[in-house]
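These notes concern the structure reproduced below.
Bear in mind the structure is a predicted one, so any value in this text is a computation, not a measurement.
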Amino acid sequence: MLKQNLQQKLLQKLSPQQIQFIKLLQVPTVSLDTRIKEELEENPALEDLSLTNLNEPEEQYPDRDPDDDNFNSDEEKGEMDEFNIDDYLQEDNLNDYGSRYDQNGDDEDERKEIPIAVQSSFFESLQAQLDLLPLSDKDFMIGKQIIGSLDDDGYLRRPIMSLTDDLAFSQNVLAEDEEVEDMLKVIQGFDPAGVGARSLQECLLIQLRKKDVNDPIIKKAIQVVEHYLDEFTRKHYDKLEKSLNMNSIELRGVVNEILKLNPKPGDSNEINTKQMQVIPDFHITNNDGTLILTLNSKNAPELRVSRSYQEMFQHYDKASQKDKKLKEAVQFVKQKLDSAKWFIDAIKQRQQTLLKTMNAIMQYQYEFFLTGDDKNLKPMILKDIADRIGMDISTVSRVANSKYVQTEFGTFLLKSFFSEAIQTESGEEVSNKEVKKILEEHIGKEDKRHPLADEKLTEILKDAGYNIARRTVAKYREQMNIPVARLRKEL
């Protein structure tokens, strides 16, 4: 039997302007320039004053506050013939841009270009070594294929058979698996030592065999890596002493020799370009006990609506006859002008939201920013800040997850100031970061021959008044990337 029901649902739809603001809010300062350049390239109605003629006469129109704009409107107002030109002639006076923001980001020192060291990449270095060898054309092509198949860390993780197939289909080189194996051994002799290995074990053995193999310590190290690597990584030193008939002093020498090896040879000659340079979005300075918050001035670009597009609009308004082609042209101009206005407003709203959020965090964690002591960090969750500034938790999260603040104690990701509360025996609520700091201090001071187990760390915290479970201690230890006691043991 079919039934018909009438249901009422309340759905919230974001306007294109709101979506643009949300996307911009997530962009860190280091990427904002790129995002603005993309918009400038896509929209000729948007201009960057820093790139235009600064000698142009100033316009008399005052800059608008984005709070006064109908920022969230998603309806077109009137027909094309009813456009109001004044809407597009208000963006030139940008006096409020940068006035409340950090001017230090634009000083001459920071504008200087940072020289980049000329350094050959890992793959270029291997190719250069290959070029120096007296090889046949076939072996050279095989070697080139092997180098191109290496991972960034220097390992060959593809089967030899796959390389043979690639050579046949893409290079028209018919090679046997044995020929590829032989060339791989040649490349494994290249610098950095360990390159071309197919496993960690092979990587370490290549490096050890390049040393003095007659040295008793090196001989034992080769034995450990070849036959007892699992016991070594698990730090079962008693088993190694018994299996290799060594005392603790000899074992210490072997362990130290293995620890000197590079498990990722590809990284040793490569600048890590994947790491994005951190540019702080905010600066907090201490002026005789009063904290002063400034927003990096790179977040306040001097944007305006293009004058030439405004003039096109004026020309249309004065035209007595409007044919179809002219209307289409003006519709295009209107779209670009609207897009430019929305982008400028979104940038301004981004600045205001960043400052509002960071100011609330600074006020909440005032003692920490004065002292830099983790023990002064108060428990704080996203809702605490969202309630203070009257914004959604998701907005605070977007700011906290991608923005950095520079203080006299270092540069921090905003997310690091948020933590859960833990209750002490006296009933006082403290941040779990305080507990992590205590754990880190005790682990740092422990006797590495007898490291502190999680049970012992739990007892230490309980004695200090923090009544937390052993599994919570283990969770905090893992969050700090500290291994279990057995793996922290040293000889």
Side-chain angles (χ1 to χ4, degrees), residues 20-40 46-52 54 63 65-67 91 94-114 116 275-287 290-304 343-366 368-370 372 385 388-389 391 395-418:
Q20 187 174 51
F21 163 65
I22 288 168
K23 287 181 178 178
L24 277 173
L25 190 61
Q26 294 176 138
V27 176
T29 300
V30 70
S31 304
L32 187 62
D33 273 352
T34 305
R35 177 64 189 89
I36 290 169
K37 282 174 186 172
E38 287 173 1
E39 193 69 23
L40 287 167
L46 184 68
E47 286 183 349
D48 184 349
L49 276 179
S50 65
L51 304 176
T52 56
L54 298 178
D63 198 0
D65 191 318
D67 290 340
E91 302 293 338
L94 299 174
N95 291 334
D96 69 338
Y97 262 83
S99 60
R100 300 187 302 275
Y101 309 111
D102 178 16
Q103 298 301 319
N104 297 329
D106 274 345
D107 62 27
E108 289 303 315
D109 289 339
E110 286 199 17
R111 285 192 175 192
K112 288 178 184 174
E113 290 187 9
I114 300 171
I116 299 171
Q275 288 185 343
M276 186 180 287
Q277 182 189 1
V278 172
I279 294 177
D281 304 83
F282 310 95
H283 299 268
I284 292 180
T285 52
N286 186 342
N287 186 8
T290 302
L291 296 178
I292 298 171
L293 170 67
T294 48
L295 180 65
N296 191 321
S297 62
K298 293 181 188 293
N299 290 285
E302 297 181 272
L303 301 175
R304 72 172 184 189
F343 190 77
I344 290 169
D345 286 347
I347 288 284
K348 288 183 180 180
Q349 190 172 349
R350 176 184 182 274
Q351 294 165 12
Q352 292 167 358
T353 303
L354 290 181
L355 267 179
K356 207 171 184 181
T357 306
M358 185 63 231
N359 187 58
I361 292 172
M362 183 182 77
Q363 297 299 331
Y364 204 101
Q365 302 289 4
Y366 211 84
F368 168 78
F369 289 114
L370 281 175
I385 300 303
R388 281 196 172 203
I389 63 177
M391 289 185 177
T395 302
V396 177
S397 176
R398 286 186 178 96
V399 175
N401 284 331
S402 59
K403 306 295 181 293
Y404 289 83
V405 59
Q406 182 178 307
T407 73
E408 58 186 283
F409 313 108
T411 301
F412 304 92
L413 182 64
L414 299 196
K415 186 180 178 181
S416 66
F417 302 123
F418 291 85

[atom1] of [X] to [atom2] of [Y]: how many Å apart, nearest 0.5 Å?
| X | Y | atom1 | atom2 | result |
| --- | --- | --- | --- | --- |
| Asp33 | Ile279 | CG | CD1 | 8.0 Å |
| Ile344 | Glu39 | CD1 | CD | 10.0 Å |
| Ile347 | Leu25 | CD1 | CG | 10.5 Å |
| Met391 | Thr357 | CE | OG1 | 5.5 Å |
| Asp345 | Leu303 | CG | CG | 11.0 Å |
| Thr407 | Met362 | OG1 | CE | 12.0 Å |

Identified side-chain contact (heavy atoms from CB on, under 4.5 Å) counterpart of Leu414 within the set Val405, Val396, Leu354, Ile385: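 With Leu414 as partner, Val405, Val396, Leu354, Ile385 yield a single side-chain contact (heavy atoms from CB on, under 4.5 Å), made by Val405.
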Given side chains that start at C-beta, do those of [X] and [Y] come closer than 4.5 Å, heavy atoms only?
| X | Y | value |
| --- | --- | --- |
| Lys403 | Met358 | no |
| Ile361 | Val399 | no |
| Asn401 | Leu413 | no |
| Asn286 | Leu291 | yes |
| Arg398 | Ile22 | yes |
| Thr285 | Glu408 | no |
| Arg388 | Gln363 | yes |
| Lys298 | Pro280 | no |

Closest heavy-atom pair and its distance - [X], [Y]:
| X | Y | value |
| --- | --- | --- |
| Pro301 | Gln351 | CD-NE2, 4.1 Å |
| Phe282 | Leu295 | CE2-CD1, 3.5 Å |
| Ser402 | Asp281 | O-OD1, 4.2 Å |
| Leu370 | Phe409 | O-CZ, 3.4 Å |

Arg350 side-chain N/O to Val27 backbone N/O, donor-acceptor pair under 3.5 Å: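 Side chain of Arg350 to backbone of Val27: a pair is present.
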Check: Phe369 ring centroid to Phe417 ring centroid under 6.0 Å: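 That pair passes the under 6.0 Å test.
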